[in-house]
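The structure appears below as structure tokens.
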Amino acid sequence: MIGKDKYQRIQDKEMKIIVLCGGISTEREISIKSGMMICKGLRQAGHQAVLLDVYFGTEKTDIFSDTKETYDIDAEIEKIQSNTEKIKQIQAERKDFFGQNVLQVCQSADMVFMALHGKYGEDGLCQAAFDLAGIRYTGSGYLSSGICMDKEITKKLFIGCGVPTPKSVYLQKGDYKNHSECGMQFPVVVKACNSGSSVGVVIAKNQAEYEDALETCFSLDDKIIVEQFIHGREFSVGVLAGEALPIIEIIPKEGWYDYQNKYQPGATLDVCPAELSELLTKKMQKIAEDAYHCAGCEAYARVDIMMDETEAMYCLEINTLPGMTPTSLIPQEAAVVGMDFPALCDRLVQLSFDKYKNK
């Protein structure tokens, strides 16, 4: 576990950092919010950070020409948000994912802070392109990112590595299995395999809800998983450089930890450190660290875990680019060990820089 004395700056210098956000996934709005918070945090930490929408790009090739005093983050966010309504029109006109000058300006940076969420950001495709272009970026590489984005592959990896995870089955579009054929009892959880922020996650309590859940999830992905619902408490564990942060328990005031409860301030009660015995705390942190390592994660990730009434623990998934909004979990966990938000953003850059020391 990371203790309060663990944080120290690896490189004491100002860096030029692109905070890459936006994109075209269903999580574009959250990505923009994360990007805004990260950019402000990095600038408070002493870096020359600027925002860039990966899909729309910029007309400027010298993106760092503005000084710290003249760069207006709020104005840039307003511009990025105004482009959202143009996405469908532009997708019909062009096939390229990277917007104008994106690769060029990213190559001019010391580091790209990945604030992308969902498809084309969290799935490793952007990371692979950056590897080929010689661009340094935060977080895990393309392979680990792709593994963790795909819930089917993640599950299979957990099973192979001995990381406890709920029983599940995988269905391709056009396939059908009744919940009883899956060997499960209601409620079950139906998930689109390649989606995040609880988009495409449906809890089905009966047959009618199960049929609707299949339709909903197959509309988002050609591959889904049906998972046994775990009755119990929900936790999340941030992992920095392979070491677990304090555990946070997530207690939604209504329903479950869905998209709305994730990002609506005050919708959940977050308890950190979680009220667990020392034995259970160490056990859960070990599961999180094992999951992180078996998936080949780098720098940081967030591991979601359920614990049932018997205190059995089940790893649900790994998020390689966890949210960095005001309600996000890793910033709350980091605060417990003495890292405020700017220090956390700086730390993630420093840990990510380590990946390239021997390359």
Side-chain angles (χ1 to χ4, degrees), residues 1-4 6-7 17 19-21 27 30-42 44-45 49 111 113-118 121-122 137-140 144-145 148-149 196-198 234-252 257 259 261-265 267-274 276 281 284-285 287-289 291-293 295 297-305 315-352 354:
M1 173 183 169
I2 295 175
K4 288 192 175 183
K6 192 72 179 178
Y7 174 71
I17 301 173
V19 180
L20 200 64
C21 66
E27 297 167 72
I30 301 306
S31 170
I32 294 170
K33 289 181 179 179
S34 287
M36 177 181 67
M37 293 294 295
I38 292 164
C39 191
K40 290 181 177 180
L42 288 170
Q44 289 175 40
M111 179 68 69
F113 199 117
M114 301 290 281
L116 298 171
H117 300 314
E122 235 166 325
Y137 55 88
T138 56
S140 296
S144 178
S145 298
C148 294
M149 185 68 179
S197 289
S198 296
E234 184 167 0
F235 303 88
S236 191
V237 189
V239 182
L240 303 190
E243 295 185 62
L245 286 164
I247 299 166
I248 191 166
E249 182 173 6
I250 306 151
I251 309 171
Y257 197 49
Y259 184 93
N261 282 332
K262 269 185 169 72
Y263 300 112
Q264 181 178 321
T268 65
L269 174 63
D270 299 330
V271 180
C272 188
L276 293 166
T281 295
M284 190 174 293
Q285 288 177 321
I287 289 173
E289 291 171 355
Y292 174 99
H293 288 298
C297 297
E298 296 174 280
Y300 72 107
R302 195 194 75 220
V303 181
D304 298 332
I305 296 173
C315 190
L316 302 180
E317 59 185 77
I318 305 172
N319 191 324
T320 55
L321 289 180
M324 297 284 277
T325 71
T327 59
S328 295
L329 303 177
I330 280 189
Q332 295 183 63
E333 297 174 44
V336 173
V337 294
M339 273 187 271
D340 62 15
F341 192 80
L344 173 62
C345 292
D346 180 63
R347 181 63 170 165
L348 299 183
V349 168
Q350 304 295 335
L351 290 175
S352 299
D354 260 0

Do [X] and [Y] come close enough that some side-chain heavy atom pair is under 4.5 Å?
X	Y	answer
Asp270	Ile251	no
Leu20	Tyr137	no
Asn319	Glu122	yes

Spacing of [atom1] belonging to [X] relative to [atom2] belonging to [Y], to within rounding of 0.5 Å:
X	Y	atom1	atom2	value
Leu116	Ile30	CG	CD1	13.5 Å
Leu240	Gln350	CG	CD	13.0 Å
Cys21	Met36	SG	CE	10.0 Å
Leu329	Ile250	CG	CD1	4.5 Å

Under the 3.5 angstrom rule, does the side chain of Ser31 hit a backbone N or O of Ala115 as a donor-acceptor pair?
-> yes
Taking the side chain from Ser144 and the backbone from Ala295, do they hold a donor-acceptor pair closer than 3.5 Å?
-> yes
Residues that Thr138 engages under side chain to side chain contact (heavy atoms under 4.5 Å, CB included), provided they are two or more places apart | Met111, Phe113, Met114, Tyr300, Val349, Ser352
Output all residues satisfying side chain to side chain contact (heavy atoms under 4.5 Å, CB included) with Ala291, sequence neighbours left out; order by chain, then residue number.
-> Phe158, Val163, Val303, Cys315, Ile318
Applying side chain to side chain donor-acceptor pair (under 3.5 Å) to Ser34 and not counting sequence neighbours gives His117
Should Ile247 and Thr281 be marked as a side chain to side chain contact (heavy atoms under 4.5 Å, CB included) after you check the CA-CA gap, both sets of side-chain angles, and the distance that decides it?
-> CA-CA 7 Å; Ile247 299 166; Thr281 295; 3.9 Å; yes
